[in-house]
There are 2 protein chains.
Amino acid sequence: MIKFILCSNNIVDNNYSNTEIKIKDAAKSLFLKKGYSATTTRDIARESDINLAMLNYYFRSKRRLFEIIMFETLYEFLSKMVEVYNDEKTSLEQKLKLCSEKYIDMIIAEPLLPTFVLNELKNNPTSFLKMPTTKMIMKSNFVAQYQDGVKKGIYRKVDPIHFVTNVLSVIVFPFMCSPIIMKIENLSKKDFNIMMNERKKLIPAWIIQMIKK
Amino acid sequence: MIKFILCSNNIVDNNYSNTEIKIKDAAKSLFLKKGYSATTTRDIARESDINLAMLNYYFRSKRRLFEIIMFETLYEFLSKMVEVYNDEKTSLEQKLKLCSEKYIDMIIAEPLLPTFVLNELKNNPTSFLKMPTTKMIMKSNFVAQYQDGVKKGIYRKVDPIHFVTNVLSVIVFPFMCSPIIMKIENLSKKDFNIMMNERKKLIPAWIIQMIKK
DNA sequence: ATATGAATTAAACAAATGATTAATAAAAAA
DNA sequence: TTTTTTATTAATCATTTGTTTAATTCATAT
């Protein structure tokens, strides 16, 4: 029998088996590290310490297992993002600070995620299409507050998509370059994370300077 | 007999055969589109319209073919980058304008390159290690000019690695998000490129605002 | 024209891979 | 307990994949 769950650390009622989680956790780890094609079903079976046949028993195929993991990962990630963007109580500047902190923490916890997602997305943009949260970003309180600032003459006017793109760029891209940055600056993984943590304070200031008149 | 050449559009003396180029061009296109693992030798043979055995005849293995292509691609890309950074005649602000224009043009011409490189790099950082140009960026005229501006009190002081990272982030990252941006903004590929071309002018201004006191 | 080496081809090989099967063990329901 | 459903296992299948081989064609130099 095949069952569906959102993710291993989920609140929803779970009567799923233990091996099902073991498979998903191992598969997610391997997919993130090596990508879809380079990960074999035997890799997953070995890593999760289950019998190879169990993968097909629970998930029917490697492709389906991948799609479930991709969906859940995206959903979890985007949900957390939208959360900050839509907080009614915080100002734009507070949001910038909050999302820098939160996103950097999130990516430090799962540094392979951005490259993985953007890479797999390129071949199969449909996964993202299904995400309800995707389009919400441009209609978020965050964007509204920026546009409000433009109206009031506080901020320079520019298409909000540029604004949002810039914020995400300076937050996410450095992680995708981590191998390069670590190499040219001779940093350990720990050093690199310190550098990223520095950026939590720097990024909000940079963005404000970028948009302030 | 196996011969080595830098790239198909190279100046160096070429007595390489036609099929060798055909293989490399097809392989590069496929590797960029699907990644190393998802690309099969038969894919490459079909795309380049050569016999499967010719791949091993000229390049000995898929892995070696990939590494040659990766090296050449990186070399070409980084060379062009360093070129702008080290121009003695231009000011920092001019360099910002020039590199925005040049890099955006480069990536529009080969939009899959950044994601491909950063993704494959994650598994195999050695390819980048071999690049002589990598470390040069931090010792470039570009960085020196920024630090000079800091000394003169014109620019805010921050570790140059942050400065360089930010510039590259706002230039490159949007391309890596192109599927997402196109989706949430309902853009065609053409529209997206128009948006990227807009950024050629915007980015230098943003960066200056970011660093100027 | 002929001989020699390079280029090309079709066929095949061995290993890897996604998936299935049939038998067995464990758990749940009767 | 017995029966029935669910979970697990080892073995196997059919393709796919990277690579090689042996034969053949092509080009060039003698």
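One finds a side-chain N or O of B/Thr19 lying less than 4.0 angstrom from the OP1 or OP2 phosphate oxygen of C/dT8. OP1 or OP2 of D/dA10 sits under 4.0 Å from a side-chain N or O of A/Asn51. Here B/Tyr57 reaches the OP1 or OP2 of C/dA7: one of its side-chain N or O atoms lies under 4.0 Å away.
The CE-P distance, from A/Met54 to C/dT21, rounds to 16 Å in whole Å. The interatomic distance linking B/Asn56 (CG) with C/dA12 (C1') rounds to 14 Å, in whole Å. Across the protein-nucleic acid pair, A/Asn18 atom CG and D/dT6 atom P stand 19 Å apart, rounded to whole Å. Taking atom CZ of residue A/Arg46 and atom P of nucleotide C/dA16, one finds them 11 Å apart after rounding to whole Å. Between the CZ atom of B/Phe59 and the C1' atom of C/dA7 there is a distance of 14 Å, rounded to whole Å. Regarding B/Ile50, its CD1 atom lies at a distance of 13 Å from the P atom of D/dG18, rounded to whole Å. Rounding to whole angstrom units, CG of residue A/Leu55 and C1' of D/dT9 are separated by 15 Å. Distance B/Leu65 CG to D/dG18 P: 11 Å, rounded to the nearest Å.
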Classify every nucleotide of nucleotides 12-17 of chain D by which part a protein heavy atom approaches to under 4.0 Å, writing B for the base, S for the sugar-phosphate alone and - for neither, in 5'-to-3' order.
-> -----B
What string of B, S and - do you get for nucleotides 21-26 of chain D, 5' to 3', when a contact is any protein heavy atom under 4.0 Å?
-> B-----
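Judged as a side chain to side chain donor-acceptor pair (under 3.5 Å), and not counting sequence neighbours, the contacts of B/Arg46 are B/Asp43. Under the rule for a salt bridge (Lys or Arg N to Asp or Glu O under 4.0 Å), the partners of A/Asp105 that lie at least two apart in sequence or sit in another chain are A/Lys200. For the side-chain contact (heavy atoms from CB on, under 4.5 Å) test, residues two or more places apart in sequence or in another chain that qualify with A/Ala53 are A/Asn51. With sequence neighbours excluded, the residues satisfying side-chain contact (heavy atoms from CB on, under 4.5 Å) with B/Lys33 are B/Ser29, B/Leu112. Applying the salt bridge (Lys or Arg N to Asp or Glu O under 4.0 Å) test to A/Glu47 and every residue at least two apart in sequence or in another chain returns nothing. By the side chain to side chain donor-acceptor pair (under 3.5 Å) test, B/Ser91 is found to be paired with B/Gln94, residues two or more places apart in sequence or in another chain being considered. Applying the salt bridge (Lys or Arg N to Asp or Glu O under 4.0 Å) test to A/Lys139 and every residue at least two apart in sequence or in another chain returns nothing.
For the pair A/Lys62 (side chain) and A/Thr39 (backbone), a donor-acceptor distance under 3.5 Å is present.
Aromatic pair B/Phe31/B/Phe116: centroids not less than 6.0 angstrom apart.
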